[in-house]
Amino acid sequence: MAATQRRGRKIMMTAEELDAFLTTERTCRVATVSPEGAPHVSALWFVWDGSSLWLYSLTRSRRWADLRKDLRVAVVVDSGDEYGELRGAELSGTAEFVGEIPRVGEPFPELERVEALFARKYFGLEALPHDHRHAWIRLTPEAVASWDFRKLPRG
């Protein structure tokens with residue numbers, strides 16, 4: 001269960017709004033910490049399954065190396081150009097590696113739905129082609145903060 005948002009409640013998204021937002025947005029920013037304590041932020045595609053954010057990451061990336069040493073992660077998904085259009089969510093918690101590393105496509109029931117969602121969202125395909133360079137990271141958020149500036153009074 002994700003922690004309840006304490007600030008910005010007037011502009012926070014409802015559970016339904018957050019679910020729709022995370023389902024339709026395409027790019028997130030993933031923040032990790034190196035063993036030396038240096039922050040690292042990178043953009044990545046993702047899918048939301050209604051309770052977890054799934055990241056399909058290169059296994060030879062700095063992000064992956066950071067998470068192998070420290071599973072704490074924060075992810076921001078946001079959109080909007082003008083101030084009154086800004087929307088977004090920050091999800092944080094402990095990452096979990098799921099499936100083969102790297103993913104070569106062996107049957108893995110837990111990934112069937114996730115890979116189908118990802119393949120349709122980004123490639124317009126029914127099945128995800130595996131390149132033997134990526135693997136799955138699941139973030140089931142422990143804390144979520146969201147905002148939708150469209151809810152602010154216009155004046």
Side-chain angles (χ1 to χ4, degrees), residues 1-8 12-80 86-148:
M1 175 86 176
T4 303
Q5 183 169 336
R6 293 178 179 253
R7 295 180 147 184
M12 72 184 269
M13 294 183 202
T14 66
E16 295 78 19
E17 291 168 340
L18 182 62
D19 189 58
F21 180 75
L22 293 173
T23 299
T24 57
E25 289 300 314
R26 295 177 54 88
T27 306
C28 68
R29 289 158 192 81
V30 181
T32 58
V33 179
S34 75
E36 297 78 31
H40 177 253
V41 178
S42 56
L44 197 62
W45 285 348
F46 70 95
V47 290
W48 173 251
D49 71 2
S51 61
S52 295
L53 198 72
W54 292 83
L55 309 167
Y56 198 49
S57 175
L58 286 166
T59 60
R60 299 188 87 184
S61 64
R62 179 170 168 193
R63 168 184 50 253
W64 192 273
D66 287 351
L67 288 171
R68 298 279 294 174
K69 302 289 185 189
D70 186 340
L71 291 170
R72 293 175 299 166
V73 64
V75 176
V76 170
V77 180
D78 62 339
S79 70
L86 299 178
R87 297 186 302 154
E90 178 188 9
L91 300 86
S92 59
T94 304
E96 177 185 0
F97 300 108
V98 179
E100 309 159 287
I101 301 171
R103 183 86 172 109
V104 297
E106 291 295 321
F108 201 88
E110 190 174 6
L111 293 175
E112 286 177 12
R113 179 170 177 256
V114 171
E115 290 185 342
L117 289 170
F118 195 87
R120 280 193 293 276
K121 184 175 183 178
Y122 295 103
F123 306 115
L125 302 172
E126 292 303 312
L128 182 64
H130 298 96
D131 64 6
H132 302 233
R133 299 177 6 186
H134 287 79
W136 287 102
I137 300 165
R138 174 176 45 209
L139 170 60
T140 303
E142 296 162 15
V144 176
S146 67
W147 57 92
D148 185 345

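Distance check, rounded to the nearest 0.5 Å: CG of Leu55 to CZ of Phe97 gives 10.5 Å. Atoms OG and CG, from Ser51 and Asp19 in turn, are 9.5 Å apart once rounded to the nearest 0.5 Å. Rounded to the nearest 0.5 Å, atoms CG (Leu44) and CZ (Arg63) are 4.5 Å apart.
Smallest separation of non-hydrogen atoms from Ser57 and Ile137: CB-CD1, 3.8 Å. Contact record, Ala89 with Phe21: N-CE2, 4.2 Å, taken as the closest heavy-atom pair. Closest approach of Gly80 and Leu86 over heavy atoms only: O-CD2, 3.7 Å. The two residues Arg87 and Asp148 have their closest heavy-atom pair at CG-OD1, 3.3 Å. Smallest separation of non-hydrogen atoms from Arg29 and Val41: CB-CG1, 4.0 Å. When every heavy atom of Met12 is checked against every heavy atom of Glu17, the shortest pair comes out as O-OE1, 4.2 Å.
Around CZ of Arg26, the count of heavy atoms belonging to other residues, nucleotides or ligands within 6.0 Å exceeds 12.
Between the side chains of Glu142 and Thr94, at least one donor-acceptor pair of N or O atoms lies under 3.5 Å. A donor and an acceptor atom, one from each side chain of Arg138 and Ser52, are nowhere located under 3.5 Å apart. Remark: the Trp136 side chain and the Glu115 side chain contain an N/O donor-acceptor pair separated by less than 3.5 Å.
In this view, His132 and Val104 satisfy the side chain to side chain contact (heavy atoms under 4.5 Å, CB included) rule, not counting sequence neighbours. Ser34 pairs by the side chain to side chain contact (heavy atoms under 4.5 Å, CB included) definition with Glu36, Ala38, Arg62, Asp66, not counting sequence neighbours. Contacts of Ala116 classified as side chain to side chain contact (heavy atoms under 4.5 Å, CB included), with partners at least two apart in sequence or in another chain: Arg120.
Residues Val75 and Pro141 form no side-chain contact, since every pair of their non-hydrogen atoms from C-beta on lies 4.5 Å or further apart. For the pair Val98/Phe108, a side-chain contact is recorded, criterion being any heavy-atom separation below 4.5 Å from C-beta on. Contact check for Arg60 versus Arg133: no side-chain heavy atoms found under the 4.5 Å cut-off. Two residues are said to be in side-chain contact when any heavy atoms from C-beta on lie closer than 4.5 Å; Phe118 and Tyr56 meet this criterion. Considering only heavy atoms from C-beta on, Leu22 stays 4.5 Å or farther from Met13 through its side chain. Taking the side chain as every heavy atom from C-beta outward, Leu128 and Tyr122 never approach each other to under 4.5 Å.
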Query raised in the report: Can you check side chain to side chain contact (heavy atoms under 4.5 Å, CB included) on Thr32 and Ser42, steps first, answer last?
Result: CA-CA 9 Å; Thr32 58; Ser42 56; over 6 Å; no
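With Glu100 contributing its side chain and Gly105 its backbone, the two residues share a donor-acceptor pair below 3.5 Å. For the pair Lys121 (side chain) and Phe46 (backbone), a donor-acceptor distance under 3.5 Å is present. A donor-acceptor pair is defined here as one N or O able to donate and one able to accept, closer than 3.5 Å; such a pair exists between the side chain of Arg103 and the backbone of Glu106.
Put simply, the residue from Leu18, Leu117, Leu91 that forms a side chain to side chain contact (heavy atoms under 4.5 Å, CB included) with Trp48 is Leu91.
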